[in-house]
Student: 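First the structure, then my questions, so here it is.
Below, all heavy atoms of this structure are taken into account, side chains as well, without hydrogens, waters or symmetry copies. All residue numbers refer to positions in the sequence shown, counting from 1. We count ligands from 1, going down the list as the structure has it; atoms in each ligand are counted the same way.
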Amino acid sequence: MKQLYQDILDSAQKGKKLLAILVDPDKMMPEGISSFFQSVNNSIITHIFVGGSTVNDEATEALVLEIKKQTQLPIVLFPGDVTQITEKADALLFLSLISGKNPEYLIGKQVEAVSKLRTSQLEIIPTGYILIENGKKTSVQKVTQTQPMVRSNIQHIVNTAKAGELLGMKLIYLEAGSGATHSIPDEIVSAVKQDLQVPLIVGGGIKSKKQLEMTFNAGADVVVIGTAFEEDASFFDQIK
Ligand code: 1GP
C-alpha cells in the first residue's frame, strides 16, 4: 500500500512532527541490531531511513530484511547510489541533488535507476535534496563532487527549494551532511518552510534534544538523525 507520503503530508498539515533514524548499512553491526532496534521501538522514532554514501552492493537489501524482522516502522530508502535500491523497503526517496551542478546527481543516476524502478512496488517519492555548508567537507560533497550552498545566502536556498517544489518534487530535504559540525541553522529552516507547500525534511549534525526541538520549532516536518544514535546509545533516552 503506497500510503507513506500521504501519511507524511497529513502529519505535516496537522503539525505532528516525525523523526527518522538514519541507518547506514556499512556501520550497522549484525550482532548489535536486535538491541539497537529494541531501543528504536521504545523511542519516539517514526521512520527508518536506510542509506549511506559508500555502501557495498547488496548490504542494503540484507539490512532491510533484517530491520523488517525487528520493527514495524516504515523503511524508507535514502540511497547514496543506484545499487542501494531494493524492493524489500517500503519507499524510496528519489533524490535529485538540486543544490549542485553535477548532472550525474541531478538526473544521471535517476535515469540509471529506471530499469530497477519501472516495475517496482516501492513507493517512489521525488525529493529535492539540498546540501548546505556545515563547517567541514562531508561525504555527500566528496562523492557527488558538488559544492554545498552557502549558509549566508538564505534567499538563494529558499529559491532553490521552491524551484524543486515547482518542478514537482514532493519533499524538500535540507542536508548539512552526516556528522556535520553545524546543523542547518534555524533561520534557514524557517525561511524555507515559510515558502513551501510540500513537507520539509532536515538532517545532518543534530546531536541533542534541544537541537531537535529547535529544528522542529523552526519548521522541519521530518528530522533525520544518524550519528547521534550510532555514537551514543543513551541518546534514545535523552530524546524521550
Ligand atoms: C545525513 O541527515 C542525515 O544524511 C543524518 O545526519 O548522521 O549527522 O545525524 P547525522
Student: Does the pair L73 and H47 meet the rule for a side-chain contact (heavy atoms from CB on, under 4.5 Å), with working shown?
Tutor: CA-CA 6 Å; L73 293 173; H47 293 75; over 6 Å; no

Student: Distance under 4.0 Å to a non-hydrogen atom of G203: what atoms of ligand 1 satisfy this?
Tutor: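 Near G203, meaning under 4.0 Å from one of its heavy atoms, ligand 1 has 2 (O).
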
Student: Check if Y173 has a non-hydrogen atom at a distance under 4.0 Å from any atom of ligand 1.
Tutor: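 True for this residue.
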
Student: Strictly distance-based, threshold 3.5 Å: is any side-chain N or O of T71 a donor or acceptor partner for the main-chain N or O of I67?
Tutor: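 Not confirmed, T71 side chain does not pair with I67 backbone.
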
Student: Among protein heavy atoms, which sits nearest to atom 10 (P) of ligand 1, and what does the distance come to when rounded to 0.1 Å?
Tutor: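 The answer is T227 OG1, 3.5 Å.
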
Student: Show the atoms of ligand 1 that are less than 4.0 angstrom away from any heavy atom in E175.
Tutor: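 Listed by number with element: 1 (C), 2 (O), 3 (C), 4 (O).
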
Student: Is there a donor-acceptor contact under 3.5 Å from the side chain of K209 to the main chain of K240?
Tutor: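 Pair found, side chain donor or acceptor close to backbone of K240.
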
Student: Between I206 and ligand 1, does any nitrogen or oxygen pair lie at a separation below 3.5 Å?
Tutor: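 The answer is no, given that I206 and ligand 1 share no N or O pair closer than 3.5 Å.
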
Student: Give me the residue, atom name and distance of the protein heavy atom closest to atom 9 (O) of ligand 1.
Tutor: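 Going by distance alone, atom 9 (O) of ligand 1 is nearest to G226 N, 2.8 Å.
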
Student: Check whether any side-chain N or O of E133 sits under 3.5 Å from a backbone N or O of M149 as a donor-acceptor pair, and report yes or no.
Tutor: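 Pair absent, no side-chain N/O of E133 close to backbone of M149.
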
Student: I want to check a possible cation-pi pair here: K170 against Y5, using under 6.0 Å from ring centre and within 45° of the ring axis as the test.
Tutor: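 Judged by the rule, K170 and Y5 form a cation-pi pair.
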
Student: Can you sort out which atoms of ligand 1 are near S178, meaning under 4.0 Å from one of its heavy atoms?
Tutor: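 Result: 1 (C), 6 (O), 7 (O), 8 (O), 10 (P).
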
Student: I need the minimum non-hydrogen distance between T86 and E61, along with the two atoms involved.
Tutor: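 Result for this residue pair: OG1-OE1, 2.8 Å.
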
Student: Closer than 4.0 Å to some heavy atom of G179 - which atoms of ligand 1 meet that?
Tutor: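 Counting from 1, the qualifying ligand atoms are 7 (O), 8 (O), 10 (P).
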
Student: Non-hydrogen atoms of A228 versus ligand 1: any pair closer than 4.0 Å?
Tutor: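 For ligand 1, residue contact (heavy atoms, under 4.0 Å) with A228 is absent.
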
Student: For atom NZ of K88, decide whether the heavy atoms of other residues, nucleotides or ligands shown that lie under 6.0 angstrom number more than 12.
Tutor: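 Not more than 12 within 6.0 Å, no.
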
Student: Between the side chains of D221 and K16, is the shortest nitrogen-to-carboxylate-oxygen separation below 4.0 Å, so that they form an ion pair?
Tutor: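 Salt bridge flag = no for D221 with K16.
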
Student: Would you please determine whether F229 falls within less than 4.0 Å of ligand 1 on a heavy-atom basis?
Tutor: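 Flag not set, F229 not near ligand 1.
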
Student: F78 heavy atoms, cut-off 4.0 Å: which ligand 1 atoms fall inside?
Tutor: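 Near F78, the atoms of ligand 1 are 4 (O).
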
Student: Can you figure out which of A20, G204, A176 has its heavy atom closest to atom 6 (O) of ligand 1?
Tutor: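 Considering heavy atoms of A20, G204, A176, the nearest to atom 6 (O) of ligand 1 sits in G204.
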
